[in-house]
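One structure is given here, and the rest of the page talks about it.
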Number of protein chains: 2
Amino acid sequence: MMKNDAHTLLFSELAEIARTLGHAHRLMLLEHIAQGERPVERLADLTGLTIANTSQHLQLLRRAGFVETRREGKRVLYRLGNGPIETVLASLRAYAEHTRAEIRDLVSDPINSNGRLDSISREDLLERLAAGSVTLLDVRSSEEYALGHLPGALNIPADELEQRLTELPSSHEIVAYCRGPYCVLSTTAAEMLEARGFRVRRLASGFPDWKAADLQVEQAAA
Amino acid sequence: MMKNDAHTLLFSELAEIARTLGHAHRLMLLEHIAQGERPVERLADLTGLTIANTSQHLQLLRRAGFVETRREGKRVLYRLGNGPIETVLASLRAYAEHTRAEIRDLVSDPINSNGRLDSISREDLLERLAAGSVTLLDVRSSEEYALGHLPGALNIPADELEQRLTELPSSHEIVAYCRGPYCVLSTTAAEMLEARGFRVRRLASGFPDWKAADLQVEQAAA
DNA sequence: AGATCAATCAATAAGTTGCTTGAATGATTA
DNA sequence: TAATCATTCAAGCAACTTATTGATTGATCT
């Protein structure tokens, strides 16, 4: 049959976009880039890939519009593209979660039934912030924090948290966040804090989602 | 580095889902299945693929939860899975459209600037239907119509439309729909009708989207 | 039971993707 | 202008994906 009509072309185009998201390394790169603009070398470092390999993946992401570049001296900085990328990722995550839940209902899966710590939605958080009743805690690295963070957030990287508990309020609630729904930093941080008697929840979506929603972002001086 | 932690596993899982959508043939199969349950042979016919190849693609779709099966006699009927599939597809389409629009702004692309016939959203359609001010026209095949259609829709398959114009009201507005946003049936139908002086728009999303929104669907007797 | 039909499986060949290596490019600095 | 640095390109290989073919399974029908 082999009909190469407009219909088929559109599907091929869609398929190419989907295929670009179809590799764990590219999704990781995308997550890191979503925290803020970075050069190839840094991304290679963060993901543990070789530089050439990283560059190749970035090229694919760029062809599909997921990232954009600009040159600054000898480095090429990659940033997130400006299409509705977080929406696509969010829907994929929601779909994955749905199927995982279905599997969990059949075989009771110990890996996925981990503690289920309370999480809070972006909308709820906005309300609580307006009421001034929460402390926001950014547990990402200080590099990531510097690239942009939620307004008024306190930055204590996850690995320093245990030594810096005194900086946290024991009276009112803490909301911890990190790179996104698939980033475990805020989950483990929140579990630890809860064990120490803090009132704590984690933000269900991370920094990139907040930024994608066009909410205000604070940034260190460049 | 090679850290095979939970983080990486989640990304691999997401990537597998995305990769499953990363082939035009699978997207086509999915579109047909979204019209209603069908046996492998029929799907092979509709897509022009061999039966074995179709079966193989369907298997991948099933592993990712996009489709489910049941046996009826010697045939195996495939139907859409029950996760938020339309949401994923819609976000991918929206993303594709965004990037395409960006490209169009740079090089004025004649392929994509086709007539831009007025389309109507599902929400708007619901309002108009409540007001009783539109005629709904299903231009898919009668087979697809029988598998399920919007309540009260009139079925005139696209290829019979020109001979059956008398069945259409010239007084009030017609809303044509078909298999989905990437299906051209309703677009060409609407263009033809417009040229003949009918007041006509096309539903931006097709039948599967309506069904996914849990709106009422009419069906012929089995 | 044997024949028939629909679908899946298994094996293969062709094509594609991913990763590594080393060379080439582009921009800065000495 | 040469040296250096960050990134990209190009070639080669291994691993995976797709499409085809023919064999196998599961379910009806006679």
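Proteins get letters first, then strands, A, B, ... in listed order; numbering begins at 1 in each.
In terms of phosphate contacts, B:Y78 brings a side-chain nitrogen or oxygen within less than 4.0 Å of OP1 or OP2 of C:dT8. B:T50 has no side-chain polar atom (N or O) that falls below the 4.0 Å cut-off from OP1 or OP2 of D:dA19. A close approach under 4.0 Å does not occur between any side-chain nitrogen or oxygen of B:H23 and OP1 or OP2 of C:dT16. For C:dT8, one of the phosphate oxygens OP1 or OP2 lies less than 4.0 angstrom from a side-chain nitrogen or oxygen of B:S55.
Atom P of nucleotide C:dC9 and atom CG of B:L58 are separated by 12 Å, given to the nearest angstrom. Atom pair A:E72:CD and D:dC5:C1' shows a separation of 15 Å (rounding to whole Å applied). Atom CD1 of B:I51 and atom C1' of D:dA19 are 14 Å apart (whole Å). We find that CG of B:L77 is positioned 11 Å from P of C:dT8, with the value rounded to whole Å. Summarising the geometry, the separation between NE2 on A:H57 and C1' on C:dT17 is reported as 9 Å, rounded to the nearest angstrom. Rounding to whole angstrom units, CD of residue B:E37 and C1' of C:dA7 are separated by 15 Å. Note: CG (A:L60) to C1' (D:dC9) measures 14 Å, nearest angstrom. When the C1' atom of C:dA27 is taken as reference, atom CD of A:E41 falls 15 Å away, rounded to whole Å.
Positionally, the nearest nucleotide of DNA chain C for B:R62 lies more toward the 5' end than for the other of B:R62 and A:G22. Mapped onto DNA chain C by nearest heavy atom, A:R71 and A:L49 fall at different nucleotides, with A:L49 at the one closer to the 5' end.
Across all strands, A:L43 comes closer than 4.0 Å to no nucleic acid atom at all (heavy-atom distances). The residue A:R19 sits close only to the backbone: its heavy atoms come under 4.0 Å of sugar-phosphate atoms, none of a base. A:R26 comes within 4.0 angstrom of the backbone, heavy atoms only, and of no base.
At distances below 3.5 Å, at least one donor-acceptor pair connects side-chain atoms of B:N155 with backbone N or O atoms of B:D138. Listed for the A:Y95 side chain is no donor-acceptor partner under 3.5 Å among the backbone atoms of B:E86.
With D:dT7, D:dA19, D:dT4 as the choices, the nucleotide that has an atom nearest any side-chain atom of A:K74 turns out to be D:dT4. Between C:dT8, D:dT20, C:dT4, one nucleotide has an atom nearer to the side chain of B:V40 than all others, and that is C:dT8. Residue B:A52 places its side chain closer to D:dT20 than to any other of C:dC19, D:dG26, D:dT20.
Among A:R70, A:K74, A:R75, the single residue meeting the salt bridge (Lys or Arg N to Asp or Glu O under 4.0 Å) criterion with A:E72 is A:R70.
Residue-to-nucleotide contacts include a donor-acceptor pair under 3.5 Å from the side chain of B:Q56 to the base of D:dA19.
Contact record, A:E31 with A:Q35: O-NE2, 3.2 Å, taken as the closest heavy-atom pair.
Ring planes of B:H25 and B:H23: tilted class, angle from 30 to 60°.
The aromatic ring centroids of B:Y182 and A:F11 lie less than 6.0 Å from each other.
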